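These numbers come from the heavy atoms of this one structure, side chains and all, not from hydrogens, waters or symmetry mates. Numbered from 1 within each chain, the chains take letters A, B, ... in sequence-line order. Given the structure is predicted, the values throughout are model-derived calculations rather than measurements.
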2 protein chains.
Amino acid sequence: MTSTPNRRFKDRIYEQFARLGKAVSAPRRLELLDLLGQGPRTVEALAEQAGISVANASQHLQILRAARLVEARKQGCYVEYRLADEQVGRFFHALRGLAETRLAEVEQVTRAYLEERGAMEAVHGTELLRRVRGGEVTVLDVRPSEEYRAGHIPGALSVPLSELKKRLAELPKNREVVAYCRGPYCVMAIDAVELLRKQGFKAHRMEQGVADWRARGWRVETSAEEVRS
Amino acid sequence: MTSTPNRRFKDRIYEQFARLGKAVSAPRRLELLDLLGQGPRTVEALAEQAGISVANASQHLQILRAARLVEARKQGCYVEYRLADEQVGRFFHALRGLAETRLAEVEQVTRAYLEERGAMEAVHGTELLRRVRGGEVTVLDVRPSEEYRAGHIPGALSVPLSELKKRLAELPKNREVVAYCRGPYCVMAIDAVELLRKQGFKAHRMEQGVADWRARGWRVETSAEEVRS
DNA sequence: TGACTATTCAAGCATCCCGTTGAATACTTG
DNA sequence: CAAGTATTCAACGGGATGCTTGAATAGTCA
């Protein structure tokens with residue numbers, strides 16, 4: 001079983017490519033990548049949001065880091081992880097897109113979930129986007145406020161889902177509301193719309209998150225950064 | 001450890017995404033995908049070209065197929081595998097591109113290999129591409145002829161590496177020659193250039209393969225298809 | 001029909017990988 | 001310096017994965 005230099009070269013090259021493949025071969029890591037696409041975060045926050053233990057999150061993050069998909073920087077007592085660059089975000093987006101078009105199960109699972117919740121998917125996406133871009137509706141960003149600060153759709157109001165109930169008064173009562181969150185597989189906007197409708201608002205969910213918005217080449221707004229060391 | 005419906009939904013979605021990740025997490029499968037990017041092929045041909053056993057190739061192909069990245073169709077006694085659609089090709093391309101920019105090892109390994117072979121990487125890529133597009137040089141496609149038929153760079157001559165020595169007479173002696181093969185990590189063009197230079201030709205290697213060519217939005221030429229059942 | 005071929009299947013083995021647990025490390029704050 | 005917190009490390013068990021081998025299947029061709 002002696003291998004030629006050519007063979008060894010190829011083995012090494014594809015082994016390198018496979019490092020990236022391995023990094024995105026575990027569901028948990030994909031969820032972490034998706035979360036990091038919304039902005040940098042500490043290990044603890046990621047663990048909490050992905051519903052896994054801190055040690056487990058730490059391990060996954062180290063694997064992602066070994067594949068150079070994310071970077072860690074020490075911020076005092078915390079370690080802040082972030083996507084290594086936007087190419088990583090685009091890659092994740094491509095993977096997701098491929099899954100959506102090629103794996104029928106993705107649509108099945110989504111449909112089943114929406115049905116179970118009794119949430120209807122009204123209004124065709126592009127039509128909704130048009131109205132959002134045109135400023136014809138009140139746009140609500142229901143993610144945690146750090147994520148809003150890291151980047152949001154221009155003109156959107158930051159009202160985290162957890163605060164929505166208390167802050168309903170801030171919304172103009174007779175204007176249509178469109179809520180969005182992290183993307184098509186994040187459920188916060190669904191919750192928000194449900195709540196808004198119960199309160200008599202005309203509300204819709206926008207599937208697109210900030211990453212999808214950016215992927216269309218549209219402008220994303222950032223809040224003034226807090227001071228960083 | 002009861003999980004909410006939201007959690008279960010997310011688990012299922014990311015599990016789907018991970019199906020694609022798992023499919024591209026093994027070096028061998030990436031090599032097979034790369035090969036299939038050059039055109040459809042039988043199991044045996046793939047096994048041979050990837051340097052693995054037929055049974056092993058078959059298994060990998062079935063995993064790729066389960067992830068819907070490739071499709072199989074029975075052609076008489078053979079089974080012909082092909083990429084499921086061009087989005088798959090683009091995805092592979094994105095993965096490779098990410099590996100190239102983020103994993104320094106890719107360049108290291110390549111450089112080491114070229115050095116070992118004593119092959120120099122002359123002529124800057126874009127300059128070479130310009131001359132190829134302008135028809136200023138003789139362009140040689142040194143891949144097996146089926147791959148040439150499945151798609152090649154306009155104006156290229158099909159001279160498989162294995163036949164090159166015999167067919168040197170076909171080449172105009174005092175015109176520069178540019179050889180290409182499957183892409184930057186395929187070594188056939190390197191061999192070709194080595195041989196051509198020994199024979200006194202002014203020859204260069206073009207790194208780009210047909211997929212890279214197409215990715216730039218440039219036209220790819222196809223030979224008239226043989227009859228298919 | 002029978003010989004032959006290409007592909008797939010099934011079983012087995014060594015290895016790797018995920019998630020858990022409990023302890024160790026590194027930094028901040030009083 | 002001591003107490004507290006965030007993160008990482010180390011070890012382990014169950015399960016998946018990759019490759020090999022040998023047999024089974026499904027098609028072709030004389």
Side-chain angles (χ1 to χ4, degrees), chain A residues 1 3 7 10-11 14-15 17-33 35-36 40-67 70-82 146 229, chain B residues 1 3 7 10-11 14-15 17-33 35-36 40-67 69-82 146 228-229:
Chain A
M1 267 307 175
S3 56
R7 190 65 254 165
K10 286 192 179 160
D11 285 351
Y14 289 109
E15 187 188 320
F17 296 170
R19 283 172 67 189
L20 298 186
K22 282 198 231 293
V24 295
S25 71
R28 251 73 214 240
R29 285 199 285 276
L30 287 165
E31 184 163 5
L32 291 174
L33 275 182
L35 285 168
L36 286 171
R41 236 161 302 198
T42 67
V43 178
E44 198 176 28
L46 287 164
E48 145 96 42
Q49 292 174 13
I52 58 181
S53 76
V54 173
N56 195 194
S58 176
Q59 282 179 156
H60 281 306
L61 287 166
Q62 279 170 78
I63 290 172
L64 289 172
R65 191 169 53 163
V70 309
E71 281 167 2
R73 71 148 72 166
K74 203 136 198 177
Q75 299 272 74
C77 203
Y78 299 80
V79 176
E80 190 186 73
Y81 280 86
R82 60 179 63 214
E146 315 90 67
S229 61
Chain B
M1 270 304 175
S3 57
R7 190 65 254 166
K10 286 190 179 161
D11 286 350
Y14 288 109
E15 187 188 320
F17 295 171
R19 283 173 67 190
L20 298 188
K22 281 198 230 292
V24 295
S25 71
R28 252 71 213 243
R29 285 199 286 276
L30 287 165
E31 185 164 5
L32 291 174
L33 276 181
L35 285 168
L36 286 171
R41 236 161 303 198
T42 67
V43 179
E44 198 175 29
L46 288 164
E48 145 96 45
Q49 292 174 15
I52 58 181
S53 76
V54 172
N56 196 192
S58 176
Q59 282 178 153
H60 281 306
L61 288 165
Q62 278 171 80
I63 290 171
L64 289 172
R65 192 169 54 162
L69 294 178
V70 309
E71 282 167 0
R73 72 148 74 167
K74 204 135 196 178
Q75 297 272 73
C77 203
Y78 300 79
V79 175
E80 189 187 73
Y81 280 85
R82 60 179 63 213
E146 315 89 69
R228 295 192 178 284
S229 58

Exercise. How far apart are the closest heavy atoms of Ala50(B) and Leu32(B), and which atoms are they?
Worked result: CB-CD2, 4.1 Å

Exercise. With respect to the phosphate group of dT8(D), does any side-chain polar atom (N or O) of Tyr81(A) fall under 4.0 Å of OP1 or OP2?
Worked result: yes

Problem set entry | Closest non-hydrogen atom pair between Lys22(A) and Pro27(B), with its separation | NZ-CD, 4.5 Å

For this session: Please state how far atom CZ in Arg19(A) lies from atom C1' in dC17(C), giving the value in whole angstrom units.
Result: 17 Å

Exercise. Side chain of Lys22(B): nearest nucleotide among dT17(D), dG18(D), dC19(D)?
Worked result: dT17(D)

Problem set entry | Over all atoms of both residues, closest heavy-atom pair of Ala18(A) and Ala26(B) | CB-C, 4.1 Å

Problem set entry | Heavy-atom pair with the smallest gap, counting every atom of Ala72(A) and Val79(A) | CB-CG1, 3.8 Å

For this session: Using only side-chain N and O atoms of Arg28(A), determine if any of them is under 4.0 Å from OP1 or OP2 of dG19(C).
Result: yes

Exercise. Is any NZ, NE, NH1 or NH2 atom of the basic residue among Glu15(B) and Arg29(A) found under 4.0 Å from an Asp or Glu carboxylate oxygen of the other?
Worked result: no

Using a cutoff of under 3.5 Å, can you pull out all pairs of nitrogen or oxygen atoms linking the protein to nucleotides 12-15 of chain D, with atom names and distances?
none

For this session: Identify whether the distance between the nearest side-chain nitrogen and carboxylate oxygen of Arg82(B) and Glu80(B) falls below 4.0 Å.
Result: yes

For this session: Remember a base hit wins even if backbone is also touched, and classify Thr42(B) as base, sugar-phosphate or nothing at under 4.0 Å, heavy atoms.
Result: sugar-phosphate

For this session: Round to a whole Å and report the spacing from CG of Asp11(A) to C1' of dC19(D).
Result: 14 Å

Exercise. Leu33(A) versus Val70(A): any side-chain heavy-atom pair under 4.5 Å?
Worked result: yes

For this session: State, with a plain yes or no, whether a side-chain heavy atom of Glu71(B) is found less than 4.5 Å away from one of Arg65(B).
Result: no

For this session: List the atom of Ala23(A), the atom of Ala67(A), and the distance in Å for their closest heavy-atom pair.
Result: CB-CB, 3.6 Å

Nucleotide N/O of nucleotides 25-30 of chain C paired with protein N/O under 3.5 Å:
none

For this session: Check whether any side-chain heavy atom of Tyr81(A) lies under 4.5 Å from a side-chain heavy atom of Leu36(A), and answer yes or no.
Result: yes

Problem set entry | Rounded distance in Å - CD (Glu15(B)) to P (dA16(D)) | 12 Å

Exercise. Rounded to the Å, how far apart are Leu30(B) CG and dG18(D) P?
Worked result: 11 Å

For this session: For Tyr78(B) and dC4(C), give me the distance from atom OH to atom C1', rounded to whole Å.
Result: 11 Å

Exercise. Around Glu48(A), counting heavy atoms of other residues, nucleotides and ligands shown, do more than 12 lie under 6.0 Å from its CD?
Worked result: no

For this session: Rounded to the nearest angstrom, tell me the gap between atom CD in Glu44(B) and atom P in dA6(C).
Result: 4 Å

For this session: Name every residue in residues 54-64 of chain A that has at least one heavy atom under 4.0 Å from any atom of DNA chain D, in order of residue number, or write none if there are no such residues.
Result: Val54(A), Ala55(A), Ser58(A), Gln59(A), Gln62(A)

Seminar exercise, completed: Rounded to whole Å, the CD1-P distance (Ile52(A) to dT8(D)) equals 12 Å

